[in-house]
Amino acid sequence: MRKNIAIVEDEPALRENYSAALARHGYAVKSYANRHTAMQAFRAHLPDLAIIDISLEDEAEGGFDLCRDLRAASAELPIIFLTARDSELDAVSGLRLGADDFLTKDVSLPHLAARVAALFRRIDALKRPENAAEIVRRGALSIDGEKMQTTWKASAVTLSLTEFWIVHALARNPGHVKNRQQLMDAANVVLDDNTITSHVKRIRRKFQQVDPAFDSIQTVYGMGYRWVE
Amino acid sequence: VSIRLQLLVVALTTLVLPWAGCQYARELESALRGSQEQSLLASAGTIGNALSAQPQRVFRNEDLRAFDARSGDLYVHPLPNQPLLDGYAEDWGIPFDLVTLQSVSGYHARVQAGSTERYLYIYAEVDDAHFDAEPNDVQPDDDRFDRVDVRLQSADGTDTSYFFATTAPGLNAAQHVTKDDDDARHVQAEPRIQAYWLQTSQGYHLEARIPFSFVGERLWIEARDGGSKRSAGFTPETESAGGRLFFATDGLDGLLATFIRDGTRATVLDTNALALGSSGSVAAEPINATADGGFNWYRALVESDASHLPPATTGGDRRGADVVRTALSGEPRAQWVRGDDGRMLLTAAAPIVVDGVARGAVLLEQNAEQMLALRTQAFARLFELTLIATATAVIVMLAFAAWMTFRIGRLRNAAESAVGNDGRIRLTMPESRSGDEIGALARGFERLLARLNEHAQYLRTLGAKLSHELRTPLTIVRSSLDNLESHGLRDEQRSYIDRARGGTQRLQTILTSLGAAARVEESIKLAERVNFDLRELITSTVAGYRDGFPATTFALAQPDDACFLRGAPDLIVQMLDKLIENAADFCPPAGRIHVRLGREPGNYLLAVDNDGPRIPAEVLQHLFESLYEQRSGRDDKPHFGLGLYIVRLIAEFHGGTARAANREDGGGAVFTVTLPMI
């Protein structure tokens, strides 16, 4: 069954380009120019994935409002923020509102498609019985590559997709320094250094919520990060 | 020329005040003198009228024939007290008023007469260098000695002659020729008539005292030389009509005294201008103001020089005075004259009219000195006051000028430093709350600075805005390229696509660096401070740079122990990135970048220096400003003058500073950041 993807983007050219690219990858895509038309359609029928721009026409933060409404309508619906904004604040706000991922518009269409596919794969994997082969274990950490789930000392750590891939890249080769470019490649995103830094910070904080003593991601200044056990 | 000086010059115009005061004083003085004349004239008129009502108390002598000194008429001065017989007239108590006797063959003698209650005094000065003494056994017809003959005519017309001569100067009695019973003539002394003979170098003085019992209406005096036959004087033979004696009126002095006040002398004159009586004195009383010894400004200022004035007349005969002549002809008149002491004297005369005819005149003489002294005192006070006022005005103006200059200077300093070295604009000006023009100027500056600040703000945010606004169209291009690529393309089409992609890539880089400062500012807002080891951070970061800039040599100098800093390590890394990027840009290939971490009291010093060109001094102070870019395009990387601005932002976030200088060896630049220790 084809997945339904809703794109809420006020820029027609972008909307069409994203729609075309995702349609080419076999998704059923519906696009909306503003919050009202999108919300109307969502009330009738929820999509399988919503890709939302933050500023919508005359509403500078319309995307956030839409995200909140959608999250109220469905706790499970995956949401990706796609925005021209690259400020850390926006990313934090978006993710706090329950978005599953946060991409800047610098992301290329193939990357976008890959992220969408990965997100669906994670959702699908969650519905299937566990497949042990995909699990990476590093001490207290275990990463389920299939379900894109992370646990630390047996407690689940909820990571966004980007965060998941960063942790995955670091933990696969403990002790190796991964520079920011490598982490971006691993996460299939185009971010600037600052955004990587804030992602790493947020990852640490998420682990520390589970275990305040968490200190496995080390900063190697001027080079990048590494996983230590 | 400073405002202070300009206002000083303006303040000097207040000197016109004392000048005007002087002019005023001069005018006032002239007016006061006029009124003094009028007042004295009025007094004279009043006295004249009062006296004309009682002519019997004024005019004793009904002889209205003209007084004629040339025919031997003599005015008899009333003497205030009894003089000593000593050959000197100085003790008579009146001014000298010698009448020259008519000369015969060049013999000269002068005479004056005075009277007390009982005596008539005669004083004669005779020029006779050779003294011819009277022989001891003088004979009646003997005249070979110096002698003064006095002939007295009584009321009934009988004449009596006396002569004064002496064997030796000194006190002696008058002599006269008498006939005894045998009709023989003898020279006999008359002891009731005494005289003093005083020999002088020019001649002799004779002071004689004659009781009034001897004196009649007429008196002739003749001085005769014993050696030659010369003589001076009058005899009844030569001047039968002359020799009359003119006396002052008894009691008139006392009457006049009731009319006058200090400093004024009143004299009543008959038609012959002879004094019938006088009272008062024109002697100036000593007045404090003139005794101050200093230069008398007022006298210098007003006309007080009497040298051009006609001299005052003194003595019994006042016909010499213009005012007297005018008054005797019936008209009152006032005049300024020069007194004996050379000072100014005001005279006024009014006629005494009896039965429609001017029978005499009242002459008032007033000392101007006293009034002048009072006015001098007043003027000195006025002058002082205007000087004080002028000085006060000048001082106040100077103080005001200083205050103005201070305010303008403060405004100027504020205007000069309104745009700080860091490019920040201070929006408030001193003085802007003042209501005057300087306040308006300050407010004008403030408006200008506000506009400038808006502009600068706009420029500062322009990068971030551009980076944001251009991102969407860029994304459209890129996503379109992505879509295009997914349709099978021919090779030549692909190469165009690749070029377009390369272009968007560069655009992307440009947009990222344009927005860099804005992102750093935002990171700073969100940054959390932790304690970390700066030394360790620098070690690992520089290791990273060695990989990132393979063409450049990095040298690192650090302390041996840990350098703990409280701050945001990510930001410090970013700051180092910018410093190193900047150093690498200017470092020649195969050059060296030296990173040093050191300590100074309270601070860590992080210095990055590089080989390369020197930085011009005028560029140094602007290097850390936002959007300051001063480099010739050497590479194809975009530069927006934000790198060192970011360095400064991060240094300041940590409470430190950033500065740039040229290396002392002249081989390049050194950028130093201070970071406070924990």
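So you know, we letter chains A, B, ... as the sequences are listed, proteins then strands, and number each from 1. Side chains included, hydrogens not; waters and symmetry mates left out as well; all remaining heavy atoms used.
Note that CG of B:Leu571 is 9.5 Å distant from OG1 of A:Thr197, once rounded to the nearest 0.5 Å. Interatomic distance, B:Arg501 CZ to A:Ser108 OG, rounded to the nearest 0.5 Å: 7.5 Å. Distance check, rounded to the nearest 0.5 Å: OG1 of B:Thr541 to OH of A:Tyr221 gives 8.5 Å. Here the CG-CG distance, from A:Asn179 to B:Asp547, works out to 9.5 Å after rounding to the nearest 0.5 Å.
Heavy-atom distances place both the backbone and the side chain of B:Pro569 under 4.5 Å from chain A.
Shown here for B:Ser486 and A:Arg24, the closest heavy-atom pair between the two residues is OG-CZ, 2.6 Å.
Salt bridge present: A:Arg205 and B:Glu528 bring a charged side-chain N and a carboxylate O closer than 4.0 Å.
Counting heavy-atom pairs under 4.5 Å between each of B:Asn483, B:Val573, B:Ile580, B:Thr504 and chain A puts B:Asn483 at the top.
For the pair A:Tyr18/B:Thr475, a side-chain contact is recorded, criterion being any heavy-atom separation below 4.5 Å from C-beta on. Within the 4.5 Å cutoff, side-chain heavy atoms of B:Asp570 are placed close to those of A:Lys201. Inter-residue side-chain proximity for A:Asn17 and B:Asp482 is flagged as unmet; no heavy-atom pair is nearer than 4.5 Å.
Between the side chain of B:Ser479 and the backbone N or O of A:Leu14 there is no donor-acceptor pair closer than 3.5 Å.
B:Arg592 CZ: 12 or fewer foreign heavy atoms inside a 6.0 Å radius. For B:Glu485, the CD atom counts as densely surrounded, since its 6.0 Å shell holds more than 12 non-hydrogen atoms of other residues, nucleotides or ligands.
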